Amino acid sequence: MRRLSTTLCLLAIATMVMVGCGKKDGSDSKGGDEKKKAAPLKMVPTPLPALGLTMQAPEGAEVKGTNLIFVRKGDAFGLQIQKDIFGARGDNLIIPFEKKLLKKKLADEPELQIWTKDMAGKDVVLFALVVKVGEQKYYVQSDGMGMYDRDQVDVMVKASRTLAAK
């Protein structure tokens with residue numbers, strides 16, 4: 001009986017030590033899940049030769065594609081641009097696959113949709129937008145596999161609205 005009592009006492013002490021070994025600064029002890037605020041991206045004029053356009057995009061952004069243009073910079077900026085051949089507006093800007101995953105709309109305008117979905121157990125923010133350059137409209141959306149937050153999406157929407165003829 002004494003051995004069982006000693007074992008239980010040691011187990012209780014070990015549990016208290018493990019629980020008490022969190023961060024000492026009063027912050028959450030989950031560790032590593034909190035996203036640190038990244039430095040703002042430096043936006044520069046970026047050519048999109050396949051479309052004959054330019055846009056403000058992060059310095060050093062990678063531009064790829066011919067009919068569907070991808071503009072990416074790390075994990076914080078990723079969007080796709082193509083000529084708007086469907087003429088979608090409002091809720092129809094969100095592709096059907098994404099509609100099935102939609103949790104909450106954050107912006108619901110005729111030319112802009114911003115919404116959240118669950119991805120890998122986290123809420124991520126995505127967008128779809130129509131931008132007119134001259135007489136041509138372009139469909140712009142966030143990279144569907146990106147793990148973006150609202151601030152990152154706001155930067156991408158703002159950048160998308162700078163599309164201009166070369």
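Remember, it's a predicted structure, so these values are computed and weren't measured experimentally.
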Lys100 with Glu98: basic N within carboxylate O range, under 4.0 Å: no
Spacing of Phe86 atom CZ and Lys137 atom NZ [to the nearest 0.5 Å]: 14.5 Å
Between Tyr139 and Gln141: side-chain donor-acceptor atoms closer than 3.5 Å: yes
Check: Asn67/Gln82 side-chain N/O donor and acceptor closer than 3.5 Å: no
Separation between CD of Gln136 and NZ of Lys83, rounded to the nearest 0.5 Å: 5.0 Å
Sidechain N-carboxylate O distance under 4.0 Å for Lys105, Asp91: yes
Asp84 side-chain N/O to Gly87 backbone N/O, donor-acceptor pair under 3.5 Å: yes
Check ion pair Asp154-Arg150 (N to O, under 4.0 angstrom): yes
Residues Lys117 and Asp123 bridged, charged N to O under 4.0 Å: no
Gap separating the CE atom of Met147 from the CG atom of Asp149, nearest 0.5 angstrom: 10.5 Å
Close side-chain approach of Thr46 to Glu59, heavy-atom, < 4.5 Å: no
Heavy atoms from other residues, nucleotides or ligands near NZ of Lys166 exceed 12 (cutoff 6.0 Å): yes
Heavy-atom side-chain proximity of Val153 to Leu126 below 4.5 angstrom: no
Among Glu109, Gln113, Arg161, side-chain contact (heavy atoms from CB on, under 4.5 Å) partner for Leu129: Arg161
